[in-house]
Amino acid sequence: MADVWVAVLMISERVAQKIIQRHGIEVAELRDAVVCVEGLPGRWDDDPERGRRALLDVVIRNRTATFVLYPLEHPMGDAWNLGSVYFAA
């Protein structure tokens with residue numbers, strides 16, 4: 001397990017709409033949960049189709065959510081693309 005720092009979180013319109021429709025969670029809530037939050041526990045996963053990604057478990061509205069983040073080249077560093085968010089049942 002490793003701590004992950006998220007300085008920049010890019011969220012595509014498609015991913016945002018999917019999360020809003022399925023979970024009723026707004027983009028601002030997603031960003032608030034991970035951007036510039038110290039000590040986010042993460043783990044690395046190597047997906048055969050999409051490559052290396054970070055999985056973060058955070059709490060949103062008292063529910064545990066797993067964020068799937070893909071590294072993004074960015075001048076600031078510590079930038080990520082949001083792939084998806086899954087909530088524990």
Minimum heavy-atom distance [X]-[Y], with the two atoms named:
| X | Y | value |
| --- | --- | --- |
| Ala54 | Val4 | CB-CG2, 4.5 Å |
| Ala33 | Phe67 | CB-CZ, 4.2 Å |
| Asp47 | Glu49 | OD1-N, 2.8 Å |
| Trp5 | Trp80 | O-NE1, 3.2 Å |

Determine, step by step, whether Arg43 and Thr66 satisfy the side-chain contact (heavy atoms from CB on, under 4.5 Å) criterion, reporting the C-alpha distance in whole Å, the side-chain angles of both residues, the deciding distance to 0.1 Å, and the verdict. CA-CA 11 Å; Arg43 59 196 180 279; Thr66 300; 4.2 Å; yes
Hydrophobic clustering (ILVMFWY, side-chain heavy atoms < 4.5 Å, transitive) - are [Y] and [X] grouped together?
| X | Y | answer |
| --- | --- | --- |
| Ile60 | Leu56 | yes |
| Val37 | Val35 | yes |
| Leu69 | Phe87 | yes |
| Val68 | Leu9 | no |
| Leu40 | Trp44 | yes |

Is it true that atom CZ of Arg61 has more than 12 heavy atoms of other residues, nucleotides or ligands lying nearer than 6.0 Å? yes
When Arg53, Arg52, Arg50 are each screened for salt bridge (charged side-chain N to carboxylate O under 4.0 Å, His left out) with Asp45, the one that passes is Arg53
Starting from the C-alpha separation in whole Å, work towards a yes-or-no answer on side-chain contact (heavy atoms from CB on, under 4.5 Å) for Leu82 and Val34. CA-CA 11 Å; Leu82 179 64; Val34 298; over 6 Å; no
Side-chain heavy-atom pair Asp32, Glu26 within 4.5 angstrom cut-off: no
Ile11 and its side-chain contact (heavy atoms from CB on, under 4.5 Å) partner, picked from Leu30, Val85, Asn81: Leu30
